[in-house]
Amino acid sequence: MNECRIREIYQISLDTNHATFAEGEYDIAYHLLLVALQCAQRLRDADYLTEITQLAEKESRFIDDHHPEYAFSSKAAIRRGTLGLFQTAAQKARAIL
């Protein structure tokens with residue numbers, strides 16, 4: 001797959017992440033964020049990786065502030081001894097950087 005197509009998939013993934021997150025479909029939004037992360041990794045694009053890190057952290061804070069009951073919020077994750085989904089995505093992006 002060429003670089004142009006990977007960049008297109010990256011943007012589509014982020015656009016769809018925003019839409020699904022806004023509709024409260026957090027699990028789907030998380031997986032779309034991971035698709036974007038995979039694209040950024042394939043491209044070795046530090047700006048994309050930084051963007052994903054910031055978006056994942058922002059979405060994690062939103063869930064923690066507005067939906068702490070969500071199964072993968074930070075609060076729920078701490079009870080399980082893990083990270084929340086979006087915190088995990090941010091951590092993955094930081095590790096790749």
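Computed from a prediction, not measured in an experiment: that's the story for all the values here.
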Problem set entry | Results of side-chain hydrogen bond (donor to acceptor under 3.5 Å, both in side chains) for Glu25 - residues two or more places apart only | none

Exercise. Taking Thr20 for the side chain and Asn17 for the main chain, is one N or O donor matched with an acceptor at less than 3.5 Å?
Worked result: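 Indeed, once roles are kept as given, a pair shorter than 3.5 Å links the two residues.
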
Problem set entry | Exam field: side chain Ser60 to backbone Ala56, donor-acceptor pair closer than 3.5 Å | no

Atom [atom1] of [X] and atom [atom2] of [Y]: how far apart are they, to the nearest 0.5 Å?
X	Y	atom1	atom2	answer
Ile52	Glu57	CD1	CD	12.0 Å
Thr53	Gln91	OG1	CD	10.5 Å
Arg94	Leu97	CZ	CG	9.5 Å

Exercise. Would Glu51 and Tyr10 count as a side chain to side chain contact (heavy atoms under 4.5 Å, CB included) if you check the C-alpha gap in whole Å, the side-chain angles of each, and the deciding distance to 0.1 Å?
Worked result: CA-CA 11 Å; Glu51 181 178 26; Tyr10 173 85; 2.5 Å; yes

For this session: Taking all heavy atoms of Ser73 and all of His67, pick out the closest pair and write down the distance.
Result: CB-O, 3.9 Å

For this session: Pick out which of Thr16, Ile9, Asp15 makes a side chain to side chain contact (heavy atoms under 4.5 Å, CB included) with Ile12.
Result: Thr16

Validation: residues 29-47 side-chain donor-acceptor distances under 3.5 Å, sequence neighbours left out:
unit_1: Asp45; atom_1: OD1; unit_2: Asp47; atom_2: N; d: 3.0
unit_1: Asp45; atom_1: OD1; unit_2: Tyr48; atom_2: N; d: 2.9
unit_1: Asp45; atom_1: OD2; unit_2: Arg7; atom_2: NH1; d: 3.0

Problem set entry | With His66 via ring pair (Phe, Tyr, Trp, His ring centres under 6.0 Å) - residues at least two apart | Phe62

For this session: Measure centre to centre between the rings of Phe86 and Tyr70, then say whether the value is under 6.0 Å.
Result: no

